[in-house]
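What follows is a set of notes on a single structure, which appears directly below.
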There are 2 protein chains.
Amino acid sequence: MRATIADIATFDGQQVTLHGWLHNRRSSGKLHFLIIRDGSGFIQAVMSKATVGDDAFTRAAHLGQETSLSVTGAVRADERARGGYEIDVASLEVHGDSQDYPITPKEHGVDFLMDRRHLWLRTERQTAIMRVRHEVIDAVRDFFNGRGFILCDTPIFTPAACEGTSTLFPVQYFEDTTAFLTQSGQLYGEANAMALGKVYGFGPTFRAEKSKTRRHLTEFWMVEPEMAYADLGDVISLAEGLITSIVARVLDKRRTELQILERDTTKLEAVTAPFPRITYDDAATILREKGLPFAYGTDFGGTDETVLSEHFDRPVAITHYPTTIKAFYMKPDPQQPDKALCVDVLAPEGYGEIIGGGQRVDDLDLLLRRIREHGLPQEAFEWYLDLRRYGTVPHGGFGMGIERCVSWICKLEHVRETIPYPRMLYRLYP
Amino acid sequence: MRATIADIATFDGQQVTLHGWLHNRRSSGKLHFLIIRDGSGFIQAVMSKATVGDDAFTRAAHLGQETSLSVTGAVRADERARGGYEIDVASLEVHGDSQDYPITPKEHGVDFLMDRRHLWLRTERQTAIMRVRHEVIDAVRDFFNGRGFILCDTPIFTPAACEGTSTLFPVQYFEDTTAFLTQSGQLYGEANAMALGKVYGFGPTFRAEKSKTRRHLTEFWMVEPEMAYADLGDVISLAEGLITSIVARVLDKRRTELQILERDTTKLEAVTAPFPRITYDDAATILREKGLPFAYGTDFGGTDETVLSEHFDRPVAITHYPTTIKAFYMKPDPQQPDKALCVDVLAPEGYGEIIGGGQRVDDLDLLLRRIREHGLPQEAFEWYLDLRRYGTVPHGGFGMGIERCVSWICKLEHVRETIPYPRMLYRLYP
C-alpha cells in the first residue's frame with residue numbers, strides 16, 4: 001500500500017511502500033540505517049542483510065545521497081525514532097541514481113547554497129520553513145475569508161507610481177508604453193473597498209531598492225486588506241487579529257517544523273492581544289532613553305526598529321507619525337494635523353516592521369493639495385480622486401509583508417530563506 | 001446596531017444601521033424607494049414622508065447615485081423583495097455626496113466602462129463576478145491544501161525563458177541585467193516537487209502576446225500543481241478533481257451571484273467526473289467530421305477549441321498531442337514516441353482550454369537532446385537538468401488559468417470582466 005511519511009502513523013504494523021529519496025545513510029555491520037524523505041517528512045528505514053540478502057544489501061551500501069527510491073516494508077512504532085516510527089525494509093527499488101550530490105550534511109556557504117536553491121530546498125530545514133510559509137499564507141486567507149473580506153487582486157502592471165518612482169521597476173509594455181511593476185496595490189484596494197466593502201489583495205510586489213539588508217527582497221509577497229467605513233482603530237484591531245491568528249495557527253499546525261527550526265515557542269505563545277500601542281513620540285522617547293542618536297521627525301532606521309521591537313514581548317503598534325514622513329494618502333489626525341492616522345506594527349525579537357497602514361485621506365480637496373505638495377502628477381491620480389468625488393467614506397487598511405512575517409515566526413537570520421527563489425540585488429538565479 | 005446586507009436575515013424585526021451607498025432611487029408620492037448597496041449586497045430601503053418628516057424627505061429626493069450614506073431602520077421580511085428583506089427608514093445620514101456619477105443604469109460602451117473600471121466594479125454584475133472569482137480561488141486553495149499540497153511560490157523575475165522569448169516582457173533589473181516576467185512557474189514547480197512531493201504555485205503570469213481575443217490578457221493568474229512520483233493518469237485525475245470541486249463549490253456558495261449573472265446552472269451541474277478523455281487524433285477526427293479545415297499535426301486554433309468544447313456537455317481532456325507542437329519538457333509516450341504524455345482540458349460551452357499539462361521528461365539524456373532540438377541555451381537550464389541528475393522521478397502537473405475558468409463559470413463574453421483591473425494590448429489604465 002502506498003503511504004506517505006506524514007501519515008505513517010495510520011499504517012502502524014502494516015506493510016507499505018514509500019516513494020522518496022535517500023537523505024542519509026549509516027551502516028553498522030549487517031544493518032543499513034537509511035534516512036528516507038518523501039517531501040512530506042523524514043523517516044528511518046532499517047535494512048537488514050539477513051532480510052534482503054547479500055546482493056541487495058551490498059547495492060544499498062553504494063547508494064548516493066538523493067537517490068530516488070521506493071522502500072517497501074513494515075511500519076513499526078519506536079518512541080526513540082523521529083516521528084515515532086521506523087520502517088523495516090523488505091525490498092528497495094531504485095528509480096534514479098545520484099552521484100556527488102553537492103549539498104552534503106557538512107556546512108556550506110550561503111552563496112554556494114543560493115546558487116543551488118533548487119536543491120537546497122530539499123533539506124529538512126528548508127522544507128520546514130516552506131511549510132511554515134504555506135501555513136502563514138493559509139492562515140491569512142482563512143482570517144480574511146472568515147470575516148467577509150473578498151479577495152480582489154490588484155494589478156501588477158501599473159501606469160503610475162504609488163509613492164514616487166525611484167524604487168520602481170520599469171517594464172517595456174507594447175510599442176512605446178512603459179509600465180511599472182506594482183509596489184503596493186493599496187490605491188486599487190481603496191477602489192475595491194468602495195465596491196465590495198471589505199477586500200484584500202494578495203500578490204507579489206516589487207521594489208528596486210539597492211538595499212542589502214537581512215530584511216530586503218526585490219520581489220516579495222504582500223497581503224493588503226482595505227475596509228470602507230473604517231477608522232484607524234479598526235485598522236489596528238484588524239492587524240492585531242491577523243497577527244495573533246497567524247501565530248496561533250502556526251503553533252497549532254506546525255509544531256514539528258518549529259521544533260526542526262529550534263524555535264523558542266514560548267516567545268510565540270506570548271503573542272496575544274492586546275498589543276501595546278504607542279505613538280511615534282513615545283517611540284522617540286524610548287529611543288532617546290536608550291541613548292540612540294535618533295533625530296525627531298525622521299523615520300525609524302533599521303537599528304531603531306530593532307531596538308523598539310526588542311523593547312516589547314509582543315508586536316507593538318506605533319501610531320501618529322509626522323505627516324511629513326508619510327505618504328500623501330495618509331489622513332492627518334484632526335486633533336493634531338501634523339500627525340498621521342497611521343500605524344506600523346513591529347514584530348518582536350528585533351524583527352522590526354511587518355505591517356504598515358492607516359486611515360486614508362477621504363476629503364477631495366485635501367487629497368488634491370497633498371498630491372500637489374508631494375509633486376505628483378494629478379492626471380495619473382484622476383481615477384483615484386474619483387473615489388472622493390463619488391460617495392467618499394472613511395476607510396483604511398494596511399499591508400503585511402509575508403516574508404518578514406515568516407522570518408520572524410521562524411526566527412531566521414535573513415529573509416532570503418523565507419521564499420522559494422529569493423530575488424535580491426545580485427540574485428536572479430536559479 | 002451595525003449590520004451588513006449579507007447578514008440582514010439575522011436581524012429580522014430589529015433596528016439596524018447600514019453603511020453604504022445609494023445605488024438607485026425611485027419615488028412615488030410620499031415614499032422613496034432607495035436601493036442601498038454596502039459591498040456585501042443590495043437592499044431596498046423604504047422612506048416614508050410621514051416617518052422622517054418633510055425636510056428629510058425632500059433632501060433624500062436630491063441624493064445622487066453613489067452618495068455615501070448610513071440608513072437606520074427596522075428590518076422587515078418581504079418575500080417580494082430581493083434578498084427577502086427591506087428596511088423601513090427611520091433616519092438617514094449622508095457622508096459624501098455624488099453628483100453626475102458617470103455610470104448610470106443605462107447602457108454604456110465597453111471602452112467607456114473600462115476607462116472607469118474603478119467605478120464599474122461597483123455594479124451588481126461586476127461585484128457578482130468578483131465574488132465568484134473569490135470563491136473559485138478559495139476552492140482551488142482548499143482543494144490543494146486538503147490533499148497535502150504545499151503552496152510554493154515560484155519567482156516572477158526569471159533569468160531565462162521557459163518556452164521561447166517572443167512573448168516575454170523584459171524588465172530592466174539592476175545595472176545591465178535583464179530579467180523576464182514569468183510565463184509559467186512550472187520549471188520551478190518541478191524543483192519544488194522534488195523537495196516537497198506535492199506542491200502548487202499560485203500567482204500572476206505574463207504573456208506579451210499581441211492577441212486581441214476574448215480569451216487573452218497580458219497579466220493573468222495561474223495555479224500550477226506539480227507532483228513527484230506521478231504519471232499522466234494522475235495528472236488527469238487531479239485536473240478532473242480540481243474542476244469538479246471548483247464548480248461544486250461555486251454552485252454551493254454563490255447561487256445568488258450566478259442568478260445575478262443569469263447563468264444557466266444546469267450546465268454547471270452537469271460538470272461531474274469522469275470527463276470524456278480523447279486523444280489528439282480523436283479530436284482531429286471530430287473536427288474533420290464537422291467539416292473544419294484542420295491541418296493534422298498543428299495545434300488547435302481558437303475556432304477548433306470552440307467547436308471541440310461545444311461537442312461535449314462537460315470538460316473534455318485531450319491527450320497525446322504530437323511532440324512537435326509541444327514544449328521541450330513534455331515526456332514522449334514510450335508506446336508512440338511521436339506523441340506526448342500531455343493533456344489539455346477544454347471547458348464546455350465553447351470556452352476552450354483552461355488547463356494544460358502532462359508528464360515531464362525525467363531522463364537526463366533525452367532532456368538534453370530536447371533542449372538542443374528546441375535551440376534553447378543549455379546553460380540557462382543547468383539547474384533544471386540537476387533535477388534529472390540527482391534522483392530523478394516520474395512527475396507531472398498542469399497549469400490552470402483562473403480568468404478563463406471564471407469566464408466559463410460565469411459564462412462571460414470576454415475574459416476582461418473576470419479580473420479587477422484587466423491588462424491587455426491597449427489597456428493599462430486605471
Side-chain angles (χ1 to χ4, degrees), chain A residues 6 19 21 38-40 66-68 95-96 98 101 118-119 121-122 127 130-131 134 137-138 141 145 148 150-157 159 169-174 177 179 188 191-192 194-197 203-204 219 221 228-229 383 386 390-393 419-421 423 425 428-430, chain B residues 6 19 21 38-40 66-68 95-96 98 101 118-119 121-122 127 130-131 134 137-138 141 145 148 150-157 159 169-174 177 179 188 191-192 194-197 203-204 219 221 228-229 383 386 390-393 419-421 423 425 428-430:
Chain A
H19 300 304
W21 292 265
D38 72 348
S40 82
E66 286 301 317
T67 299
S68 51
H95 304 293
S98 172
Y101 187 70
H118 56 294
L119 302 175
L121 284 173
R122 299 184 183 188
T127 54
M130 289 306 122
R131 279 204 196 81
H134 166 98
I137 292 174
D138 202 37
R141 295 196 167 256
N145 293 354
I150 299 294
L151 173 69
C152 216
D153 297 306
T154 55
I156 310 297
F157 286 139
F169 285 108
V171 181
Q172 173 76 44
Y173 205 63
F174 296 104
T177 312
Y188 294 96
N192 299 340
M194 301 306 143
L196 290 149
E219 171 185 324
W221 286 69
Y229 288 102
W383 69 267
D386 278 354
Y390 304 113
T392 190
V393 304
I419 188 166
Y421 301 90
R423 296 304 184 226
L425 187 47
L428 197 58
Y429 180 92
Chain B
H19 300 304
W21 292 264
D38 73 347
S40 82
E66 286 300 318
T67 299
S68 51
H95 304 293
S98 173
Y101 187 71
H118 57 293
L119 303 176
L121 284 173
R122 299 184 183 188
T127 55
M130 288 306 122
R131 279 206 196 79
H134 167 98
I137 292 174
D138 201 36
R141 294 197 168 256
N145 293 353
I150 298 294
L151 172 69
C152 218
D153 298 306
T154 55
I156 310 297
F157 286 138
F169 285 108
V171 182
Q172 173 76 44
Y173 205 63
F174 295 103
T177 312
Y188 294 97
N192 299 341
M194 302 305 144
L196 290 149
E219 171 186 324
W221 287 68
Y229 287 102
W383 70 266
D386 277 354
Y390 304 113
T392 191
V393 304
I419 187 166
Y421 300 90
R423 296 302 183 228
L425 187 47
L428 197 57
Y429 180 92

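In what follows, chains are A, B, ... by sequence order, proteins preceding strands, each numbered from 1.
Only the side chain of B:Pro204 comes within contact range of chain A, with heavy atoms under 4.5 Å apart. When heavy atoms are compared at a cutoff of 4.5 Å, B:Leu119 approaches chain A solely by way of its side chain, counted from C-beta outward. For a residue to count as touching a neighbouring chain, one of its non-hydrogen atoms must lie under 4.5 Å from one of that chain's; by this rule B:Arg423 touches chain A with backbone and side chain alike. For chain A, the nearby part of B:Ile137 is the side chain; its heavy atoms alone come within less than 4.5 Å. Neither the backbone nor the side chain of B:Ala6 comes within contact range of chain A; no heavy atoms are under 4.5 Å apart.
Within the 4.5 Å cutoff, side-chain heavy atoms of A:Tyr421 are placed close to those of B:Asn192.
Ring pair A:Tyr229/B:His95 is perpendicular by interplanar angle, where above 60° counts as perpendicular and below 30° as parallel. Using a 30° and 60° split on the angle between ring planes, B:Phe174 and A:Phe169 fall in the perpendicular class, above 60°.
Listed for the B:Trp21 side chain is a donor-acceptor partner under 3.5 Å among the backbone atoms of A:Gly391. Under a 3.5 Å cut-off, the side chain of B:Thr127 and the backbone N or O of A:Leu196 do not form any donor-acceptor pair.
No other option in B:Arg141, B:Arg131, B:Met130, B:Glu66 has as many heavy-atom pairs under 4.5 Å with chain A as B:Arg141.
Considering every non-hydrogen atom in both A:Val393 and B:Ser68, the closest pair reads CG1-CB, 3.2 Å. Scanning both residues, B:Ala195 and A:Leu121, for their nearest heavy atoms gives CB-O, 3.4 Å.
Taken to the nearest 0.5 Å, the CG atom of A:Leu428 stands 5.5 Å off from the OH atom of B:Tyr173.
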